[in-house]
Structure formats: C-alpha cells, structure tokens
Amino acid sequence: MELFIAQKARQTSLTCMFYLTVYQLQQEAPRPKRITCPQEVSASVNVKKFHGMISREYADELLAGKEGAYLIRESQRQPGTHTLALSFGHQTLNYRLFYDGKHFVGEKRFESVHDLVTDALITLYIETKAAEYIAKMTTNPIYEHLGYTSLLKDKMVHRLSRGRTEPRRVTFQSDDRISSPVVRRSALKDTPEKLSSYEKIHNFKVHTFRGPHWCEYCANFMWGLIAQGVRCSDCGLNVHKQCSKLVPSDCQPDLRRIKKVYSCDLTTLVKAHNTTRPMVVDMCIREIELRGMKSEGLYRVSGFSEHIEDVRLAFDRDGEKADISASAYADINIIAGALKLYLRDLPIPVITFDLYSKFIQAAKLPNAESRLEAIHEELLQLPPAHYETLRYLMAHLKRVTTFEKYNLMNAENLGIVFGPTLMQPPEQNALTTLNDMRQQKLVVQLMIEHEDVLF
C-alpha cells in the first residue's frame, strides 16, 4: 500500500513538473521577427513584409540564421496566391496564407499575420520539445488523479452503481393485447434515481483564453496565443481540443449560461433545471387541463400570435415563475399555441433527427401489429428527456380525446396538428415534409391511441 501511495505521489509530482514545463516552453518559444522588403511592392497585401514574387531559394537566404523570422511572398507555382515563409528549427517552413477578413493558414483565424506567426512558433516549439509528453496526454491521461473526471468520480460511481432499468420488449398480438406487461420508461417521472440517467454531451466551442489556462480534463497547460482549446457553452468546462473527444457525456449545464427557455436544447434545459421535463410542457399542460379541455378546436384553433410571443418572452425571462393563468391570458388557445411553438422551435425535435426516417418507415408498414411494434422499438431509442416529454404529452393528448364531444379533437385531428411539430426531417426540404405528412400524422395518432401500451 505504501509503495502504491509513493508511486501515485511521484506520478503527481512528475505531472505537475511537466505541465509547468509546457508553460515555460511557451515562454521560451522564439519571438516573431518580420523581414521587411526594402522596396515598395504593389500588391493586394499592403504590408511591408510582402516581398512580391520571389523564389523559395531567395526567401531561404533572407530568413537564414534568423529563428522566428518570417516574410510573405507571392507563390511562383500559383500566381495570385500568397505564401507565409517562416524560419524555425534551422529550416524554412512554407504555408499557403489565406485572408477572409482575418489571416489564417489552418483552422485558427488571426487579426494580424504577426499574431498568426506568434501562435505558430509557440505550437511548433512546444510540439518539438515536448512531443512525447503531448502524445501521452491522450493515450495515458492523468485526469483520474488531477483532472475533470476526478471531480465527478464519486458522482459517476454512484450513478453507475444504481444501474438503469431497461424496459422489456413488447409483442403486439392481433387482439391488441400484450403477451407480457409493459415496463414503462415513464418511471423516469419524478424519481432522483432516474434523473441521473439523463446523459448530455458537452457543447464544446473553440475558445480563446486570456492569460494562462490549464485543461480541466488532463490538467495540462493549454498553449497558444488564441483558440488554445474549447469551452462547453452549457457548463463552462475548459479542455484541450484533443481532450474534448475523451470527456464523458455528463455535462451539468449551468443556469447562468442558459440564456433562454425557448429554442434551447431539451436535454440541456431539463438538466439545468434538474427536472424530468421542460417547465413549458408541464405548466402549459397543467393550465390547459385546468380550464381548456372542452374548448372547441383545442390545439387546432390558433391564438393571437402577439400574445403567444408574450408567453414565450415570459418563459425566457421568468422561467417557472412565468404567469400564464387565466387572469393573464384568458384565451386558452394562447397557451396551447405557446406549447406548440416551444415544441416546434426545439433545435432537436422531440422525435430526434436521427430517428425520423425510422418512424416514417414504421408508419408505412402495412400490418397494424408490425407498425406498433416498430414504433415501440424506436421510442426506446429516444434520449430519456425526449422520451419522458413525449410520454407526458401523449398521455395529455389521450385525455384531450376523451373530451371529443366538446372540443371536436380526436386522435387523428391531433395527429395532423402535432405531426409536423414533433417530427421534422433532418434536411429542411419542403417536398420531403409534404410527402411525409401522412406518416407524421399516423405516428402521432397511433401514439395517442395506444399511449397506454407504447410508453
């Protein structure tokens, strides 16, 4: 045991030494030195470091023995294009230089060529001096001891130890009975055990860090002048780009980063608010069932668009404290319209893009029992937050149909309304949407009619 502790302590000590060394290497990297052209050169690149169309050999002469020196020349092989020539490691490196309002040779874009060269020299120097260590950052990560995962280790172990109850497969018989009881995933409803199964991938975006930053996954220094790594826009996790591919799908969205309710990813919203379903769905359905179930044309009749927009703004501004009571909006069609707008504006529909075609194909099956079995199978593939939202909505719409005598809305009519709202093709193609409308309607209609066995 003592030997194990000593090994871990040594590993931690070496790790600290290495990531401090990487930081020091950035400080030691060669500084850029521009080689100015002694004469005016007429060209689209209006800078003194542009040397016009010169050969590689002449560029080598100008840069020889000047580590970090650089110039821009017009390519002889491709006239009209520009090449960045950079001296590093006792050789001249040549890069095709582009400009679209910013300068770039790869993914990163810079305000000036000087900044571009500064960043390039830092990267080249560190990758030359610490190549072996950088390779080990991902192949032999140390995050189990120092990085991001260690912060969530107890939570993840606790989560995995709970396990996850998988629903049993259902076989639909010709008499519409089920050969074995359905184990509903609706058990996700209100239990904290099931909340933990709402996994969410991180929403990483390239980020420029001001001042020294260390990766929260591998605990190593994030080098470079700009775009040193990526940041999750939902929880704020900062990691190397290469480390982002290894981070587990356990993003915990920070409410301070969630700027709105509408048009926010469904899983992101429920995880940020620690709920099983979006508040909009719960609150709107509660209000509709309180005072609107007998309203003629419920969900088919539109409310005033200006008032629906007011409800959207209220949710975005006040969240669960938004007032959608009868005193604020007497017309229940406004609340119904706000619910439909929320579902329609989701960046990933309730029935996700990747499952869209499978639901459409299921609806095309000629045999009724096969259709239900196929729809049931695809429902099991939905992300948990999407599944629970759909289950809750279908149970509500089933209750709406029990008031058909008053509201004139049966399962088929509701399928026509909610089909295009809950299902959208991955490619926004008007012809595809038009061709699939019948299947969209049928999928929702069947989910309403068979809600008690499909979910």
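Just so you know, these numbers use all the heavy atoms, side chains as well, and skip hydrogens, waters and symmetry mates. In this chain, numbering begins with 1 at the start of the sequence shown.
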Looking at side-chain heavy atoms only, is the closest gap between Asp452 and Lys398 below 4.5 Å? yes
(request) Using the side chain to side chain contact (heavy atoms under 4.5 Å, CB included) rule, take Phe88 and Thr128 through it: C-alpha gap first, then chi angles, then the decisive distance, then the call. (result) CA-CA 11 Å; Phe88 179 81; Thr128 300; 3.7 Å; yes
- Query: Once the angle between the rings of Trp223 and His240 is folded into 0 to 90°, is it parallel (under 30°), tilted (30 to 60°) or perpendicular (over 60°)?
  - Reply: tilted
In the structure I gave you, are the side-chain heavy atoms of Leu266 and Ile348 within less than 4.5 Å of one another anywhere? no
When rounded to the nearest 0.5 Å, the distance separating CZ of Phe104 from CG of Leu116 is 10.0 Å
Looking only at heavy atoms, the pair that brings Ile308 and Gly303 closest together is CD1-O, 3.8 Å
Subject >> Check: Lys340 side chain, Thr421 main-chain N or O, donor-acceptor pair, under 3.5 Å >> reply: no
- Trace of the side chain to side chain contact (heavy atoms under 4.5 Å, CB included) decision for Leu434 with Met437: CA-CA 5 Å; Leu434 186 63; Met437 283 184 68; 4.0 Å; yes
Verify the ring-centre separation between His202 and Tyr217: is it less than 6.0 angstrom?
no
Open item on the list: Less than 4.5 Å apart, side chain to side chain, heavy atoms only: is that true for Arg210 and Thr208?
Closed with: yes
Item checked: Any side-chain heavy-atom pair of Gln381 and Lys358 under 4.5 Å -> no
Taking every heavy atom of Tyr329 against every heavy atom of Arg291, the minimum-distance pair comes out as O-NH2, 2.9 Å
Test item: Met283 and Arg286 side chains (from C-beta on) under 4.5 Å apart, heavy atoms | yes
Within a 6.0 Å radius of atom CZ on Arg438, are there more than 12 heavy atoms belonging to other residues, nucleotides or ligands? no
Value for CG (Leu121) from CD (Gln26), rounded to nearest 0.5 Å, stands at 11.5 Å
Should Asn413 and Glu404 count as side-chain neighbours, where that means a heavy-atom distance under 4.5 Å? no
Checklist line | Flag, side chain of Arg257 to backbone of Ser233, donor-acceptor distance under 3.5 Å | finding: no
Checklist entry - Do the ring planes of Phe304 and His307 sit parallel (below 30°), tilted (30 to 60°) or perpendicular (above 60°)? => result perpendicular
Q) So do Gln252 and Lys271 actually touch side chain to side chain, heavy atoms under 4.5 Å? A) yes
Rounding to 0.5 Å, atoms CG (Leu86) and CG (Leu97) come to a distance of 11.5 Å
Checklist entry - Are Tyr356 and Asp436 close enough that a side-chain donor and a side-chain acceptor fall under 3.5 Å? => result yes
query = Does Tyr406 OH have over 12 foreign heavy atoms under 6.0 Å away?
reply = no
Under 3.5 Å, which donor-acceptor pairs do the side chains of residues 314-321 form with other protein atoms, sequence neighbours left out?
{"unit_1": "Asp316", "atom_1": "OD1", "unit_2": "Val261", "atom_2": "N", "d": "2.7"}
{"unit_1": "Asp316", "atom_1": "OD1", "unit_2": "Tyr262", "atom_2": "N", "d": "2.9"}
{"unit_1": "Asp316", "atom_1": "OD2", "unit_2": "Arg312", "atom_2": "NH1", "d": "2.9"}

For Ala385 and Thr267, the nearest pair of non-hydrogen atoms, with its separation, is CB-OG1, 3.8 Å
Of all heavy-atom pairs linking Tyr342 and Leu269, the shortest is OH-CD2, 3.6 Å
Rounded to the nearest 0.5 angstrom, the CG-CD distance for Asp282 and Glu287 is 13.0 Å
Between the NZ atom in Lys200 and the OG1 atom in Thr268, the distance rounded to the nearest 0.5 Å is 3.5 Å
Distance-only, no hydrogens or angles: does the Gln228 side chain make a donor-acceptor pair with backbone N or O of Phe209 under 3.5 Å?
-> yes
Inset, instruction - Using modelled atom types only, decide if a donor and an acceptor are shared between the side chain of Arg109 and the backbone of Glu107 within a distance under 3.5 Å. - result: yes
| query | Would you call Leu382 and Leu379 a side-chain contact if the rule is heavy atoms closer than 4.5 Å? | reply | yes
Looking only at heavy atoms, the pair that brings Gly229 and Met222 closest together is CA-CE, 3.6 Å
So, the side chain of Ser295 versus the backbone of Leu298: is there a donor-acceptor pair under 3.5 Å, distance only?
-> no
- Message: Taking Pro349's backbone N and O only, do any of them form a donor-acceptor pair with His386's side chain (distance below 3.5 Å, no angle check)?
- Response: yes
d(Glu451 CD, Arg391 CZ) to nearest 0.5 Å is 7.5 Å
Q) Is it true that the NZ or CZ of Arg277 lies under 6.0 Å from the centre of Tyr392's six-membered ring and within 45 degrees of the ring axis? A) yes
Are there over 12 heavy-atom neighbours, none belonging to Ile201, within less than 6.0 Å of that residue's CD1? no
Tell me, with the steps shown, if Phe204 and Leu237 meet side chain to side chain contact (heavy atoms under 4.5 Å, CB included).
CA-CA 8 Å; Phe204 287 120; Leu237 179 68; 3.9 Å; yes
Q. Looking only at atom types and distance, does a side-chain atom of Thr83 sit under 3.5 Å from a main-chain N or O of Glu74, one as donor and one as acceptor?
A. no
Set out, in order, the CA-CA distance, both residues' side-chain angles and the distance that settles side chain to side chain contact (heavy atoms under 4.5 Å, CB included) for Tyr70 and His114, then state yes or no. CA-CA 9 Å; Tyr70 71 97; His114 192 81; 3.2 Å; yes
Note: Phe110 and Lys108 closest approach over all heavy atoms is CE1-CB, 3.5 Å
